[in-house]
Structures are given as C-alpha cells and as structure tokens.
2 protein chains.
Amino acid sequence: MSKTDSAAAPAPEGLMLPVPGVDYGLLDGLLGYALRRAQNALYLDFHRATAAWDVSPQRFAALVLIARNPGMRQGLLGQAMGLHRSGALRLTDWLTAQGWAERRDAPDDARAWGLHLTAAGKRRLAQLEAAVAAHDRTLLAGLGEQGPALKAALDRLAWVATAQSTTPQNKPRRQTP
Amino acid sequence: MSKTDSAAAPAPEGLMLPVPGVDYGLLDGLLGYALRRAQNALYLDFHRATAAWDVSPQRFAALVLIARNPGMRQGLLGQAMGLHRSGALRLTDWLTAQGWAERRDAPDDARAWGLHLTAAGKRRLAQLEAAVAAHDRTLLAGLGEQGPALKAALDRLAWVATAQSTTPQNKPRRQTP
DNA sequence: TATTGTTATACTCTATAACTATA
DNA sequence: TATAGTTATAGAGTATAACAATA
C-alpha cells in the first residue's frame, strides 16, 4: 500500500534541557516537568539506540507484548498500551505489513483475531530487545545507586497519579464513559 | 480562524497501567517503560487538575516561560521547549488567538518579535499556576519521602540520557550547563 | 443488546522545505 | 551568507462515528 511502510522517521523531537539564560520559573520545581524532560531525553536516546531498525518505543512494546502473550486479541493489546481499538488496529496493521506479526483466527471467538509473531518478527524482536536492554543498563549505570530507587519511585508515581484521577474504585481499564 | 480556537480536547490518551493477566516481559523492568507509564498517568492527571481551562502542559509551560522572560523571541521559546521554529510559531499563534500573549517588535532586531503576556494572559496564568502547583504538591505528598529524591533523580536521568546521545562534535543546539 | 474488529474521517502535534525580510 | 519568522505541506498518532459479523 503505502510506500512509507518500513521507515518513516518517527519525528524525533528536539531536546528540552534547560537553556542557559532562560528563567523557567516554577517549571524547574515541578515533578511533572522534570518527568517530561526526562522522558523527552530518553525518547531521543531510545531512537539513537535503535537507529539501525528505526522502530518507535510503542511498536517495540507491541512486539514484546505479542511475543509474551501469543494469541492475544487486538483489543487487549490496545488496552495494555492505553490505545483505542482503532489505534490497536493501525499498530497491528503496521506490524503485519512489516511481516513481523500475523493475525490468526481466535479459537474461541469468531469475531476476534489472535495475534502472533512471525519468525522474522521474533528475530527482529531479539535484536531489539538486546539493544534496548543494553541501553537501559547504560542508563542505570549512569544513575548509580539512585537507579533502582528511581525505577521504584516511577512505578509508584504512576499509581499515585492514577489513584488521584480515578474514582476510589480501582479501575485502571477504560470503560464506556 | 478556526472555530476550535478555545478548547479542542487535546486528545487525552488511555491509561497505560499494567493489565492483569498480561505478561509485559522485559518492559516491566525497563526504566524507560516505567518513565513512559508515569508520564502517561501524569499527563492524564494534569488534564484533570486543569480541566476547568483545558490547557495542555505544553501551552502552560509556554505561558510560564513568556511570563518569566518577557520579550523573549519565538525562536528561543522553541529552543527552550525542544520545538522547531514552525512549532513555536503555531504555539505562539494559539496563545495570541486566546488573547493571552502578544507579539511586539524586538527593539534590537527588526526580524524578530518580542513575546509578552497580556493582562488576561497573566490572570489566566496565575490561576493555572495555582492549580498546577497544588497538583504537584499532592503528587509529592503521595510519594512521601521518595518525592524529592525522585525529582533529583529525574533531573539527573535527563542529563545522563542526553550526555549519552550527544556526540562530542555534533552540537544539537546548545551546550550542557 | 453488547462486543470485536473494520472503515472512514478529523484533529493535533511536529517536521521539512521554500520563501521574505532583515542582519 | 546567515538568521528570524512565515507559509505550505506531509507524516505520525490518536480519537470519533458508523458499520458488519458474531456473541
């Protein structure tokens, strides 16, 4: 279909690090802004680490999820990644267009697909996982002793922010509003 | 003049929290994925905290920057926020369309603008800052003792990731402080 | 009637490239 | 020649809505 199937430069944004001479006001003290800066830097760094394949973090995550949960539905993939069904569809379309994933009939539900990685997808994932894991180890090494604590604090932060914004019931999944 | 000038629902994405029964493989152990999850949760939570005004984190940051650096150029605004010139243009266009910012001639360079907040922009910023600061305090309170350490670790992480990806000779835009 | 996936469409964000007007 | 900003366009990502097939 499209000729931009394989690699289309997923729009790497510019750096958000503090510019000397600019007063950031309360932004410099906000947890949320620090998080955004860090995520921006990591996003760019992820691209560098996986430049040979040009796969976005999201597509990489989808590969991992399908590999670890063979036969999972598109809807579940979207749910796990915070995507709408239509987004999960486009993501799956892209993966199948690469020849890395395929849709098979779900055994228990004729409406649904079961997602599986192809042999090529498994090989590509193995390469990506090696690069990403090495990349993450380098980051952790750069953080020193703070690393593991940071990871734990981030997990907790995601939970805290969610607990705030959702009603007292623990309902992380999205329901019809 | 679009009719969606004031509020256009900046696409709040779904939650990315772990779905029970789904195996996330190495994603669960990655610093980068934890960061993405946390940022996703905070993004949604920011929207909740500022729902009364419907201003995105980026637009809020632009307001703060202009307020603290009156007369700053569009280009510098973009640089501080990791945006291309065209992105800084559209951001400024939006702010001026709201009546919150205005372009004035730069005294020293006839090519450039100096950006300033209007009185309405200052009032709106004051409201937003109060809401955002309260929101951030709530997050910190939820984190307890980990909070300040997390903030420091995030600042460091952004620096570590950038130091890695920045090649010695290729200077992206600016130098590290 | 509800759910799974699809199709079609629209909107946001960001980037590139060519253009102007200054420097 | 280089820079600040603009214009036009393209691409990725996400959402909504209506639809078909199945539960």
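First the proteins, then the strands, lettered A, B, ... as listed; each starts at 1. All values below come from the heavy atoms of this structure, side chains included, with hydrogens, waters and symmetry mates left out.
Among the heavy atoms of the strands lying under 4.0 Å from B:Arg90 is at least one base atom, whether or not backbone atoms are also near. Counting non-hydrogen atoms under 4.0 angstrom, A:Gly75 reaches the backbone sugars and phosphates but no base.
The existence of a salt bridge linking B:Asp45 and B:Arg48 is confirmed by a sub-4.0 Å separation between a basic side-chain nitrogen and an acidic carboxylate oxygen.
The hydrophobic clustering, which links ILVMFWY residues whose side-chain heavy atoms are closer than 4.5 Å, places A:Leu115 and A:Leu89 apart.
Rounded to a whole Å, the CG atom of A:Leu76 is 15 Å from the P atom of C:dT3. Counting to the nearest Å, the P atom of C:dT6 and the CZ atom of A:Arg73 are 13 Å from each other. Taking atom NE2 on B:His47 and atom P on D:dA15, their separation rounds to 11 Å, with Å as the unit. The separation between B:Leu15 atom CG and D:dT14 atom P is 14 Å, rounded to whole Å. The nearest whole Å value for the distance from the CH2 atom in B:Trp94 to the P atom in C:dC11 is 17 Å. Rounded to an integer number of Å, the gap from CG of A:Leu91 to P of D:dT14 is 8 Å. The distance between atom CZ of A:Arg36 and atom P of C:dC13, rounded to the nearest whole Å, is 11 Å. Spacing between atom CD of B:Gln58 and atom P of C:dT12 amounts to 13 Å, rounded to whole angstrom units.
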Please tabulate, one pair per line, all N/O donor-acceptor pairs under 3.5 Å involving side-chain atoms of residues 70-77 of chain B, not counting sequence neighbours.
from	atom 1	to	atom 2	distance (Å)
B:Arg73	NH2	B:Asp108	OD1	3.2
B:Arg73	NH2	B:Asp108	OD2	2.9
B:Gln74	OE1	B:Arg103	NE	2.8
B:Gln74	OE1	B:Arg103	NH2	2.8

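OP1 or OP2 of C:dC13 lies within a sub-4.0 Å distance of a side-chain N or O belonging to B:Arg59.
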Please encode protein proximity along nucleotides 18-23 of chain C as a string of B, S and -, counting only heavy-atom distances under 4.0 Å. ---BBS
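Nearest nucleotide to the side chain of A:Leu83, out of C:dA15, D:dG5, D:dT14: D:dT14. Of the candidate nucleotides C:dG5, D:dT16, D:dT7, D:dT7 has the atom lying nearest to any side-chain atom of B:Leu89. Of all nucleotides listed (D:dG13, D:dA15, C:dG5), D:dA15 comes nearest to the side chain of A:His84.
Applying the side chain to side chain donor-acceptor pair (under 3.5 Å) definition to pairs two or more places apart or across chains, those involving residues 23-34 of chain A are A:Asp28-A:Arg37. Sorted by first then second residue, the salt bridge (Lys or Arg N to Asp or Glu O under 4.0 Å) pairs that include residues 137-152 of chain A, not counting sequence neighbours, are A:Lys151-A:Asp155. Listed by first and then second residue, the ring pair (Phe, Tyr, Trp, His ring centres under 6.0 Å) pairs involving residues 107-158 of chain A amount to none (not counting sequence neighbours). Under the salt bridge (Lys or Arg N to Asp or Glu O under 4.0 Å) criterion, no residue pair touches residues 123-133 of chain B, with sequence neighbours excluded.
A donor and an acceptor atom never sit less than 3.5 Å apart when one is taken from the side chain of A:Ser86 and the other from the base of C:dT6.
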